[in-house]
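Below: the structure, in structure tokens.
Lettering of chains follows the sequences in order, A, B, ..., and the numbering in each one begins at 1.
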Amino acid sequence: MENVIEIQNVKKSYRKKGAKEKVEAVKGVSLTVKKGEIVGLLGPNGAGKTTLIKMMCGLLIPNEGTILINGINIRQKRLQAMEHISVVLEGNRNLYWRLTVKENLEYFAGNRGHSKKQIQEKMEHLIDRFNLREKENEMVNALSRGMQQKVAVAVALIANTDVIFLDEPTLGLDLETSYEIRTLLKEIVEEEQKTIIISTHDMPVVQEVCERVVIVNHGNIVADDRVENLLQLFESKAYLFTLNATLTKQQISFLETHFVTSISQNDVGQTLLEVNIQQSEDFYRIIDLLAKEQIPIEKIDRTTVDFEEVFMKIVKGGYSHEMAKSV
Amino acid sequence: MKWLNLFKVNIKREVILLKRYLPNTISMILTFYIIFLGMFFGIQVVGDPGSAEMNTQYVIVNYIFWYLSMAVMAGIGWTVQNEVTLGTLEQIYMSPLGAWRIFLARIISSTVVEMITMTIMLFVSMLTAGTWLNIDIIAILPILILMIVSMLGVSFMIAGAAVIFKQIGSFLQISQFIFAGLTFVPLSTAPFLEFAPIVKGVDMVRQIMIFDYSWTDFTVVDYSSLILNAILYFALGIFVFFRCERVAMEKGVLGQH
Ligand SMILES: Nc1ncnc2c1ncn2[C@@H]1O[C@H](COP(=O)(O)OP(=O)(O)OP(=O)(O)O)[C@@H](O)[C@H]1O
Ligand SMILES: [Mg+2]
């Protein structure tokens, strides 16, 4: 498959207002995205996600590095590259509030050179699909935040580009609307062969919509893998033992020096052991140990990690890109 | 064809917003008219009665062109500032046809609207004052078009400044006085202003409207100066605009929030 996005060693620093020092927002990122891939771009606040997205869609010129969109160098042939890209930026700043839903769709499509006739069918389709029919002639400022966000996504889709960037598409939306947007994104992904890059803090979006995750932290990529691989990586190791006993100090310190990561008591006097099991032998060893000490085991659960935890562990735990590659 | 679609939607947008902001537009025109009335009666009361008619004619022509120059040259500054506030500037920059074409389409469509308003105001002013100016379309139109081309250049410079500096409201307020200077000061008192935008054009239109010149009464030098002025300011405007947008994209201030 061909590479739709190819960025190499891209760096960007901003000059702080009034100060002399610079903020290094992106510190040398390389990334390739293939046609049809749905990539989640994750990272804590200030990690550089928006900066990266703005550079990839030609709104921000990097200090260093090259960005190719469908093989077109965005720096040299910006407008030509724009033919292939649309973006929904973070926040509700993508629409004209004094124009109606339809007027916005027509206006932005027109700015890309599409005639009303060319987009008519697609527009009607999107209005139905996004459940906007009742509001099609309402001004955008009269719509809820979630509706506005749907219109913004529709504007990006009507451009009919190969690549779509979505910067935090569910930020600030309630659970229901965020679910609706997620579902729409999933449907779009199934319907059309688009390459989509979604930056988000919303883990369900990652788990349900994205195939691949790129995690950035402090302006660097710290993980880049398929969602299920990252989940597996952490999932296989974590178990939760519920014990019908209170442990002695010796037992606790022994367990802690071995494989146990945390010990706690619940409110009915049971002891909860969180165990990280690296090899299957460890499993026998801990069972043996508990048997020898005659500690009754109530149950053993495999802790299901959700992506949130995986993400936190990667960002906080000094997990590196190289580690991921070696697994 | 693609350009045409771009022009179409921008004209349509202008018309829609004009309708939606109609009370605004009307009150602006009324304000303008009331100020004119003030000036007109001022001339009648304090001015020398012998030159009252000519003074009134001067006021009408100058005032109308002042209005046009503000609307055309500062208008786009307000537009860009508005886009920044709304946050839509970045979406404008996502067009593969280039932001400059979108702004050009906006300026042209608003200029057309302003020309219509201006014509109406011209006739209303003449009726109010009971004086008739020489409206020689054949002579005026080419001059007007060339003047507008140079105004577009200035518009693009202002648009470029707005892309980088965003809040240029106070500058735009001040620019009204600069435009007033350019339209009110006759070329004969300040010949060097021939190199400034629009001054030469307004001067020629004054000759036509007040002193009944026809297009044959101007020399090749007059027309050449006008054409050169238009080309120069337009080219300079586009150049400055491109530089400004590049700087904004490098500094990361394009549509900053
Ligand atoms: N226009 C700007 N001028 C100066 N500094 C900026 C600018 N934009 C971003 N930064 C800084 O660059 C860094 C990266 O910001 P960026 O917006 O890319 O992060 P992000 O990952 O999108 O964060 P968030 O999750 O909060 O949206 C931050 O330290 C931010 O303060
Ligand atoms: Mg961001």
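- In A:His218, the NE2 atom is not crowded: 12 or fewer heavy atoms of neighbouring residues, nucleotides or ligands sit closer than 6.0 Å.
- Between A:Thr100 and B:Ile16 there is no side-chain heavy-atom pair separated by less than 4.5 Å.
- Counting heavy atoms from C-beta on, the side chains of B:Asn10 and A:Tyr107 come closer than 4.5 Å.
- The residue among A:Ala156, A:Gly110, A:Pro62, A:Ala159 with the most heavy atom pairs within less than 4.5 Å of chain B is A:Gly110.
- Here the side chains of A:Leu79 and B:Leu97 are not in contact, with every heavy-atom distance at 4.5 Å or above.
- The choice from A:Ser13, A:Cys57, A:Gly58 that makes the most heavy-atom pairs within less than 4.5 Å of chain B is A:Cys57.
- With respect to chain A, the highest number of heavy-atom pairs below 4.5 Å among B:Leu17, B:Leu6, B:Thr88 belongs to B:Thr88.
- Between B:Pro96 and A:Gln80, the closest side-chain pair of non-hydrogen atoms is not below 4.5 Å.
- Between B:Glu90 and A:Lys54 the shortest side-chain heavy-atom distance falls below 4.5 Å.
- Salt-bridge annotation for A:Lys12 and B:Glu250: absent, with no side-chain N of the basic residue lying under 4.0 Å from a carboxylate O of the acidic one.
- With respect to chain B, the highest number of heavy-atom pairs below 4.5 Å among A:Met139, A:Arg112, A:His84, A:Arg15 belongs to A:Arg112.
- Proximity to chain B is absent for every atom of A:Thr51, based on heavy atoms less than 4.5 angstrom apart.
- Contact tally against chain B (heavy-atom pairs below 4.5 Å) for A:Glu83, A:Lys116, A:Gln118: the top residue is A:Glu83.
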Checklist entry - Hey, mind stepping through A:Glu106 and B:Lys12 against side chain to side chain contact (heavy atoms under 4.5 Å, CB included) and telling me if it holds? => result CA-CA 10 Å; A:Glu106 278 172 26; B:Lys12 189 174 169 193; 2.9 Å; yes
Next on the checklist: Applying side chain to side chain contact (heavy atoms under 4.5 Å, CB included) to A:Ile61 and B:Met249, what does each step give before you reach the verdict?
Outcome noted: CA-CA 5 Å; A:Ile61 300 174; B:Met249 284 179 193; 3.7 Å; yes
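- Enclosure of atom OH in B:Tyr33 by more than 12 non-hydrogen atoms of other residues, nucleotides or ligands within 6.0 angstrom is indicated.
- The environment of B:Ile138 atom CD1 is sparse: at most 12 non-hydrogen atoms of other residues, nucleotides or ligands sit within 6.0 angstrom.
- Looking at B:Leu86, both its backbone and its side chain come within 4.5 Å of chain A, counting heavy atoms on both sides.
- In terms of modelled atom types and a separation under 3.5 Å, the side chain of B:Gln91 and the main chain of A:Val87 share a donor-acceptor contact.
- In this structure, A:Met82 and B:Met94 have side chains that are in contact, with non-hydrogen atoms separated by less than 4.5 Å.
- Shown here is A:Arg133, whose CZ atom has more than 12 heavy atoms of other residues, nucleotides or ligands within 6.0 Å.
- Your options are B:Arg101, B:Arg246, B:Lys8, B:Glu245, and the one with the most heavy-atom pairs under 4.5 Å with chain A is B:Arg246.
- Within 6.0 Å of atom CD in A:Glu21, more than 12 heavy atoms from other residues, nucleotides or ligands are found, so the atom counts as buried in its surroundings.
- Contacts between B:Asn82 and chain A at a heavy-atom distance below 4.5 Å are absent for every atom of the residue.
- A:Arg98 places no side-chain N or O within 3.5 Å of a backbone atom of B:Arg20 that could act as its donor or acceptor partner.
- Residue B:Phe7: no heavy atom, backbone or side chain, is found under 4.5 Å from chain A.
- Around CD of A:Glu134, the count of heavy atoms belonging to other residues, nucleotides or ligands within 6.0 Å does not exceed 12.
- Interface remark: B:Glu83 contributes side-chain atoms only to the contact with chain A (heavy atom separation under 4.5 Å).
- Using a 4.5 Å heavy-atom threshold, the side chains of B:Ile92 and A:Asn111 count as touching.
- Within the 4.5 Å cutoff, the side chain of B:Lys251 has no heavy atoms near those of the A:Tyr14 side chain.
- A:Ser115 contributes no side-chain N or O that, together with a main-chain N or O of B:Asn5, makes up a donor-acceptor pair within less than 3.5 Å.
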